[in-house]
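Accompanying notes for the structure given below.
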Amino acid sequence: MSWKRLLVSIPLGFLIIVADGVFLMLVNGLYRPGHPPAWMIHAFYYFDAWPLFVTQQIFPGGPGHSGPTFLAVAAAGLIDLIVFSILVYALLSWRARRKARA
């Protein structure tokens with residue numbers, strides 16, 4: 001395990017999350033004053049929000065709460081960061097092995 005690669009993959013994983021939100025805002029801005037197609041919004045939203053479906057079951061809201069709790073949203077964000085950082089780390093490792101062979 002390379003610590004340098006890990007310290008690079010964490011900010012890049014965070015940038016993937018932020019970039020998805022920025023792209024969602026750009027798509028919404030392109031369709032103003034109307035609304036973009038639902039499939040497009042869902043594609044951007046579910047790319048980041050898929051862990052929320054799991055964490056809502058772990059941290060349910062009380063009676064009368066219809067939305068997710070803060071703990072559920074924070075845990076989903078942490079899961080997103082971990083998953084995207086692992087993916088970036090794997091890509092950087094693959095690239096380093098490929099460069100070492102060549």
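Only this structure's heavy atoms are used, side chains among them; waters, hydrogens and symmetry mates stay out. Fair warning: this is a prediction, and the values are worked out from it, not measured in the lab.
Heavy atoms only, all atoms of each residue included: Q56 and G67 are closest at NE2-C, 4.3 Å. Here the shortest heavy-atom pairing between A72 and L52 reads O-CD1, 3.7 Å. Smallest separation of non-hydrogen atoms from T69 and G61: CG2-CA, 3.6 Å.
Sorted by first and then second residue, the side chain to side chain donor-acceptor pair (under 3.5 Å) pairs with a member in residues 19-40 form an empty list; sequence neighbours excluded.
No more than 12 heavy atoms of other residues, nucleotides or ligands shown are found within 6.0 angstrom of CZ on F14. Around CZ of F53, the count of heavy atoms belonging to other residues, nucleotides or ligands within 6.0 Å exceeds 12.
A distance of 10.5 Å separates CG in L12 from CG in L91, rounded to the nearest 0.5 Å. Note that CZ of R5 is 13.5 Å distant from CD1 of I10, once rounded to the nearest 0.5 Å. Interatomic distance, OG of S9 versus CG of L15, reported as 11.5 Å (0.5 Å rounding).
With sequence neighbours excluded, the residues satisfying side-chain contact (heavy atoms from CB on, under 4.5 Å) with D80 are I17, D48, W50, P51, F84.
The closest side-chain heavy-atom distance from Y89 to S2 is below 4.5 Å. Between F44 and H42 there is no side-chain heavy-atom pair separated by less than 4.5 Å.
Cluster annotation: M25 and M40 are assigned to the same hydrophobic cluster (Ile/Leu/Val/Met/Phe/Trp/Tyr, side-chain heavy-atom contacts under 4.5 Å, transitive). No continuous path of ILVMFWY side-chain contacts below 4.5 Å connects I79 to L71, so the two sit in separate hydrophobic clusters. Under the 4.5 Å side-chain heavy-atom criterion for ILVMFWY residues, no single connected hydrophobic cluster contains both F23 and Y45. In the hydrophobic clustering of ILVMFWY residues, with side-chain heavy atoms under 4.5 Å counting as a link, V18 and I82 come out apart. V83 and I58 end up in different hydrophobic clusters when Ile, Leu, Val, Met, Phe, Trp and Tyr side chains are linked at under 4.5 Å.
W94 forms part of no hydrophobic cluster, judged by ILVMFWY side-chain heavy-atom separations under 4.5 Å.
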